[in-house]
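Reviewing the structure listed below.
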Amino acid sequence: MKGFATVALLLISNLFMTFAWYGHLQFKKISWLHGLGLVGVILISWGLAFFEYVFQVPANRLGFEENGGPFSLFQLKVIQEVVSLTVFTLCAVFIFKTDKLAWNHVVGFALLVAAVYVIFKKW
């Protein structure tokens, strides 16, 4: 159950992260944000990043094996990277609509799945 909760919290965290890091690039499409200066963009991104941390910190505390969770530090990081790239890809393709999913993206994600296997395998 802690593993599922950890991944769910990381998914939510990464949604906020994606919008904090890349959402401002879409401001030109929103008329009332079009003229916003760099300081305004930074403040909005920081506001979104706050919520990223609200979900990310509990996810890692809950999931970490030394806190009773199922994951090592390396495993948490690999999960975070896979979740991050998955959320980013879905947002770029379906929400921001800036990119199309190409064969090289799929191959890259397959390699990430292989990385997850290698990290989680008990050698």
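Please read these numbers as outputs of a predicted model, since none were measured by experiment.
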dist Met17:CE -> Ser45:OG (nearest 0.5 Å) comes out at 12.5 Å
Who clusters with Met1? Use side-chain heavy atoms, under 4.5 angstrom, across I, L, V, M, F, W and Y, and order the result by chain and number. none
All side-chain hydrogen bond (donor to acceptor under 3.5 Å, both in side chains) counterparts of Glu65, not counting sequence neighbours: none
Can you tell me how far CG of Asn14 sits from CG of Leu85, rounded to the nearest 0.5 angstrom? 9.0 Å
Per the salt bridge (charged side-chain N to carboxylate O under 4.0 Å, His left out) rule, what does the pair list look like for residues 36-56, sequence neighbours excluded? none
Lys77: what forms a side-chain hydrogen bond (donor to acceptor under 3.5 Å, both in side chains) with it, not counting sequence neighbours? Glu81
Less than 4.5 Å apart, side chain to side chain, heavy atoms only: is that true for Cys91 and Leu15? yes
Flag, side chain of Asn67 to backbone of Arg61, donor-acceptor distance under 3.5 Å: yes
Using side-chain hydrogen bond (donor to acceptor under 3.5 Å, both in side chains) as the criterion, list what pairs up with Gln56, not counting sequence neighbours. none
With sequence neighbours left out, the residues meeting ring pair (Phe, Tyr, Trp, His ring centres under 6.0 Å) with Phe51 are Phe16
To the nearest 0.5 Å, what is the distance between CZ on Phe55 and CG on Leu10? 11.5 Å
If the condition is side-chain contact (heavy atoms from CB on, under 4.5 Å), which residues does Leu73 pass it with, not counting sequence neighbours? Phe64
State yes or no: do Phe19 and Val57 share one hydrophobic cluster built from I, L, V, M, F, W and Y residues joined by side-chain heavy-atom distances below 4.5 Å, directly or via other members? no
Would you compute the distance between atom CG of Asn60 and atom OG1 of Thr6 and round it to the nearest 0.5 angstrom? 7.5 Å
By side-chain contact (heavy atoms from CB on, under 4.5 Å) - contacts of Lys2 (at least two apart): Leu62, Pro70
Let me see the working for Phe96 and Thr18 under side-chain contact (heavy atoms from CB on, under 4.5 Å), right down to the final yes or no. CA-CA 11 Å; Phe96 300 149; Thr18 298; 4.1 Å; yes
Can Tyr53 be reached from Val87 by stepping across I, L, V, M, F, W or Y side chains whose heavy atoms are under 4.5 Å apart? no
Please tell me if the side chains of Leu36 and Ile44 come closer than 4.5 Å, counting only heavy atoms from C-beta onward. yes
With sequence neighbours excluded, residues passing ring pair (Phe, Tyr, Trp, His ring centres under 6.0 Å) with Phe88: Tyr22
Residues Ala49 and Ala20: closest non-hydrogen pair is N-CB, 3.8 Å
Taking transitive links into account, so neighbours of neighbours count too, which hydrophobic residues share a cluster with Val39 at under 4.5 Å side-chain distance? Leu38, Ile42, Leu43, Trp46
Got a list of side-chain donor-acceptor pairs under 3.5 Å for residues 104-123, not counting sequence neighbours?
unit_1, atom_1, unit_2, atom_2, d
His105, ND1, Ala102, N, 2.9
Trp123, NE1, Val118, O, 3.1
Trp123, NE1, Lys121, O, 3.3

Working to the nearest 0.5 angstrom, can you tell me the gap between Leu11 CG and Gln80 CD? 10.0 Å
Heavy-atom pair of closest approach, residues Val82 and Thr86: O-OG1, 2.7 Å
